[in-house]
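Below is one structure, written out as structure tokens, with a few remarks after it.
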Amino acid sequence: MPKKLYWILPALTICALCARPLPAQQQKPAAKPDSPEVLAHIEKAKKIAGTYWASAEHFLCEAPRANPTTDPGPVKLFDNFWAIPGAYSVGNAVTYVFPTSAGIMLIDPGHAKDVETVLLPGLKTLGLDPANIKVVILAHGHEDHYGGAAYLQQHYGAHLYMAAADWDFINIPRPPAAGGNAAAPVPLPKRDMNAFEGVPITLGDASVTPVFIPGHTPGSLGLIFPVKDGGKTHVAGMVGGGFIAQGPASQVQEFIDSIQHFEEWTKRMKVDVEIQNHPVFDGFADKLVALRARKPGDPNPFVVGQENYTRFLDLMIECAKATRDRQKD
């Protein structure tokens with residue numbers, strides 16, 4: 001395969017993860033047993049995970065399947081940070097919202113088809129006027145993350161931030177989808193602002209620091225930002241560039257290198273809050289239940305601590321290494 005053409009293939013095979021099992025007569029032959037090298041990475045991942053990240057380890061290393069979960073509706077996670085999940089799954093990116101002193105900042109506006117049915121009603125439920133959307137950060141160049149951006153750009157004049165490599169990536173012509181009933185392509189946003197590593201994207205009193213983590217797409221971003229809980233400041237980290245390393249070995253290795261790079265940044269900036277834009281494996285639903293039952297003085301379930309956050313990234317790295325080494329078998 002020519003160099004870099006693999007970017008046209010999704011690094012995360014969403015349909016494969018969400019699909020129902022095939023009837024027995026149509027199922028593919030069973031996969032070969034894992035090699036000792038792969039098993040060693042899985043065993044290391046289990047030790048890193050302990051009980052805290054056990055479900056994440058199982059999903060990332062062993063059984064990457066997830067079913068859509070009921071939409072819980074807009075949720076306030078921190079004093080200055082909200083989520084509009086939609087039917088959160090591997091096929092839907094969660095939209096995150098900063099209601100700042102100078103307007104609204106969003107991370108990942110989701111699918112184009114969901115803007116008017118999920119995103120805008122969600123903002124209104126939160127008491128926020130969509131007309132005040134000023135900045136939209138696109139974590140990477142797949143439609144479930146950037147799809148709604150063109151609408152927000154056209155209707156509200158929002159500025160869009162994405163890595164330059166993914167502005168290029170979304171404009172690569174794709175072959176039409178198979179089948180006569182293929183959906184029409186979604187409108188692409190007009191090229192706008194470039195995100196630069198280490199240069200905060202700021203609106204009013206909110207600030208998000210991008211970190212380049214290519215691997216899922218050429219311009220995938222990790223995001224680091226402060227959040228407030230009862231007046232106390234914490235620092236959130238988001239791996240915005242996928243969560244299962246797939247594709248050619250070079251792409252998987254790039255993903256591994258990127259997570260290691262992001263980990264250096266998270267240690268330096270003292271990240272202690274774990275957030276994902278595809279929260280299907282990190283206990284997001286359970287944390288929401290705990291958040292709703294939270295009493296004054298109880299800890300915020302999304303605050304995992306600096307050591308636990310590092311373990312979360314180390315777990316991702318080991319499971320990606322297992323994926324890489326499976327390709328050698």
Side-chain angles (χ1 to χ4, degrees), residues 68-89 92-111 114-139 144-145 148 152 156 158 201-209 223-240 270-305 308-309 312:
T69 306
T70 302
D71 180 2
V75 183
K76 182 178 181 179
L77 304 183
F78 290 89
D79 297 347
N80 62 332
F81 189 64
W82 304 69
I84 302 176
Y88 57 93
S89 70
N92 282 13
V94 170
T95 297
Y96 290 104
V97 184
F98 293 93
T100 84
S101 59
I104 299 168
M105 180 190 292
L106 302 180
I107 297 174
D108 286 350
H111 289 290
D114 293 333
V115 172
E116 294 184 332
T117 57
V118 177
L119 176 57
L120 300 186
L123 288 171
K124 291 176 181 177
T125 296
L126 297 174
L128 301 173
D129 183 352
N132 290 326
I133 299 172
K134 306 297 182 185
V135 168
V136 180
I137 299 172
L138 308 174
D144 54 329
H145 298 265
L152 303 180
Y156 307 121
I201 300 168
T202 301
L203 179 67
D205 54 357
S207 184
V208 177
T209 299
L223 303 175
I224 301 174
F225 46 91
V227 291
K228 291 188 178 296
D229 185 60
K232 183 178 180 180
T233 299
H234 296 276
V235 182
M238 176 191 294
V239 178
K270 302 185 185 308
V271 168
D272 64 346
V273 172
E274 185 274 319
I275 295 290
Q276 289 296 109
N277 50 6
H278 281 295
V280 294
F281 66 98
D282 62 348
F284 184 78
D286 291 339
K287 290 173 184 174
L288 289 187
V289 171
L291 192 67
R292 290 191 176 96
R294 186 185 183 196
K295 298 176 181 177
D298 286 350
N300 188 309
F302 286 89
V303 178
V304 302
N308 262 338
Y309 191 82
F312 178 77

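In this text the structure is predicted, and so the values were computed from the model without any measurement.
- For the pair Asp79/Val227, no side-chain contact is recorded, criterion being any heavy-atom separation below 4.5 Å from C-beta on.
- Remark: Lys228 does not engage Asp205 in a salt bridge, criterion side-chain N to carboxylate O under 4.0 Å.
- Atom CZ of Phe284 sits about 9.5 Å away from atom CG of Leu291, to the nearest 0.5 Å.
- A side-chain donor-acceptor contact under 3.5 Å links Asp108 and His145.
- Rounded to the nearest 0.5 Å, atoms OG1 (Thr95) and CG (Asp114) are 8.5 Å apart.
- Two residues are said to be in side-chain contact when any heavy atoms from C-beta on lie closer than 4.5 Å; Phe225 and Ser207 fail this criterion.
- Taking both residues in full, the closest heavy atoms of Ile137 and Met105 are given as CD1-SD, 3.9 Å, listed atom of the first, atom of the second, then distance.
- Within the 4.5 Å cutoff, the side chain of Leu288 has heavy atoms near those of the Val75 side chain.
- At least one side-chain heavy atom of Phe302 sits less than 4.5 Å from a side-chain heavy atom of Lys287.
- At a cut-off of 3.5 Å, with distance as the only test, no side-chain donor of Asp229 or His234 sits close to an acceptor on the other residue.
- A side-chain N or O of His278 and one of Asp144 form a donor-acceptor pair less than 3.5 Å apart.
- Here the rule is side chain to side chain contact (heavy atoms under 4.5 Å, CB included) with Ile84, and of Val94, Leu106, Leu126, Leu120 only Leu126 fits it.
- Considering OG1 of Thr209 and CD1 of Ile201, their distance stands at 8.5 Å, rounded to 0.5 Å.
- Residues Trp82 and Pro99 form a side-chain contact, since some pair of their non-hydrogen atoms from C-beta on lies under 4.5 Å apart.
- Between Val273 and Tyr309, every side-chain heavy-atom pair lies at or beyond the 4.5 Å cut-off.
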